[in-house]
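Only one structure is covered here, and it is reproduced in the block below.
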Amino acid sequence: MTALKLLILGGSGEAADLARALDGDARYDVTLSLAGRTAEPAQLPGRLLTGGFGGAEGLARVLGEERFDLVIDATHPFAVQMKANAIKAARAAGVPLLAIRRPAWVPRDGDRWIMVENLEAAADAIGEKPRRVFLTTGRMELAPFRSAPQHFYIVRSVEAPSPRELPPRVELIVARGPFKLEDEKALLAERKIEVIVTKNSGGAGAEAKLEAARSLSLPVIMVTRPDLPEAPSVETVADALAWLERHHDSTSSTWRGV
Ligand code: NAP
């Protein structure tokens, strides 16, 4: 039988892990799609599309014209627009969709989290008094912190923002996770961090900073998860692979006439 044509909507660790897990698996013909925000994305196997589809209608058109059999939405938990577009487009094109939705981090004993709903509220929550802030919200999301220029920010992002995107008093650390607990503890201590600001991305790769904050009793301003549209979903790449297997098996048994 011919391979099932799979579109992975990427931009997350899960998308990368899924693409790697399917590398060389002849049952699937994999295309990975990225928004194109990162100039040098991690090298992954398979065909790559970059730069968006032009809304839900554009994605529905691509799904139909390129005869995709399956879509997996493995975008980041805060990529709300793409998730909504994917559901709408898959429905319009009649293509089964699965979303990988990694669980949010939950506070544990000893955590000092301040929950906020968005980045503006996060910047406000740092307060008036100048503080040393570890900011890991991503390079596209720095505007609210430029409006709170009294603080000193240690910004960590996968790619360097342009200087005009940065707040005035800043140290930039360009690094890609996963990060280790001991390194995170050292970073927080050496930079004399007083508060951490992060989105509740969930996942193991960026979690060590939260453990480090707990051990140093530092407050964490946590941007809570956005509401997401309903979709069939799993939490892990392993479960997504099992979903693919089921589709493959049901397609091949249909073809054999069983
Ligand atoms: P978004 O607001 O949900 O999407 C905005 C637009 O970007 C979409 O309408 C789509 O453009 C395009 N897009 C997003 N993901 C795409 C993908 N995988 N393939 C093709 N086009 C995509 O997304 P965002 O929050 O800006 O995030 C952009 C990308 O960065 C996503 O892939 C996401 O997984 C990744 N990311 C986001 C965050 C975050 O905190 N938001 C963090 C880490 C990584 P069209 O309408 O033209 O199709």
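All residue numbers refer to positions in the sequence shown, counting from 1. Please read all numbers here as calculations on a predicted model, not as lab measurements. Start at 1 and go down the list; that is how both ligands and their atoms are numbered.
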Looking at [X], which atoms of ligand 1 are within less than 4.0 Å of one of its heavy atoms?
X: Val80; value: 3 (O)
X: Phe78; value: 25 (O), 39 (C), 40 (O), 41 (N)
X: Gln81; value: 1 (P), 2 (O), 3 (O), 4 (O), 9 (O)
X: Asn85; value: 9 (O), 46 (O)
X: Ala79; value: 3 (O), 23 (O), 25 (O), 33 (C)
X: Gly55; value: 45 (P), 46 (O), 47 (O), 48 (O)
X: Ser33; value: 17 (C), 18 (N), 19 (N), 20 (C)

Considering only heavy atoms from C-beta outward, does the side chain of [X] approach that of [Y] to under 4.5 Å?
X: Phe53; Y: Asn85; value: no
X: Val95; Y: Asp69; value: no
X: Met115; Y: Pro107; value: yes
X: Leu6; Y: Phe68; value: no

Heavy atom of protein closer than 4.0 angstrom to atom 30 (O) of ligand 1 =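 When distances to the protein are checked, atom 30 (O) of ligand 1 has no heavy atom within 4.0 Å.
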
Considering non-hydrogen atoms only, spot the tightest contact between Ala86 and Leu9 and give its length.
->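 Residues Ala86 and Leu9, closest heavy atoms: CB-CD1, 3.5 Å.
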
Taking NZ, NE, NH1 and NH2 as the nitrogens, is one of them in Arg101 or Glu235 under 4.0 Å from a carboxylate oxygen of the other?
->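 Looking at Glu235 together with Arg101, the answer is no, because their closest N to O distance does not fall below 4.0 Å.
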
Arg214 bridged to Asp111 by N-O distance under 4.0 Å |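 Yes, this pair counts.
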
Among Met140, Glu14, His76, which residue places a heavy atom closest to atom 37 (C) of ligand 1?
->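 Selected option, by shortest heavy-atom distance: His76.
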
Taking atom 28 (C) of ligand 1 as the point of reference, which of Gly52, Ala35, Ala84 owns the nearest heavy atom?
->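 Residue with the shortest heavy-atom distance to the ligand atom: Ala35.
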
At the 4.0 Å heavy-atom cut-off, does [X] count as touching ligand 1?
X: Gly54; answer: yes
X: Leu59; answer: no
X: Gly10; answer: yes

Can the positive tip of Arg156 be found less than 6.0 Å from the middle of the six-membered ring of Phe179, inside 45° of the ring normal?
->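 Output yes; distance and angle both within limits.
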
Looking only at distance, does Ser12 have an N or O less than 3.5 Å from an N or O of ligand 1?
->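 No: no nitrogen or oxygen of Ser12 is under 3.5 Å from one in ligand 1.
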
Return a yes/no value for Thr75: is any of its N or O atoms, backbone included, closer than 3.5 angstrom to an N or O of ligand 1?
->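 Min N/O separation from ligand 1 is not below 3.5 Å for Thr75.
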
For ligand 1, which part of [X] has a heavy atom less than 4.0 Å away: the side chain, the backbone, both, or neither?
X: Arg37; value: side chain
X: Lys83; value: neither
X: Thr137; value: neither

Can you tell me if NZ on Lys88 sees more than 12 non-hydrogen neighbours from other groups inside 6.0 Å?
->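 Open.
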
More than 12 non-hydrogen atoms from neighbouring residues, nucleotides or ligands closer than 6.0 Å to CZ on Arg164, yes or no?
->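 Open.
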
In terms of ring plane angle, is the pair Phe78 and His76 parallel, tilted or perpendicular, where the classes change at 30° and 60°?
->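 Phe78 vs His76 ring planes: tilted.
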
Quick one: look up the protein heavy atom nearest atom 8 (C) of ligand 1 and list residue, atom name and how far away it is.
->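 Among all protein heavy atoms, the one nearest atom 8 (C) of ligand 1 is Met82 SD, 4.0 Å.
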
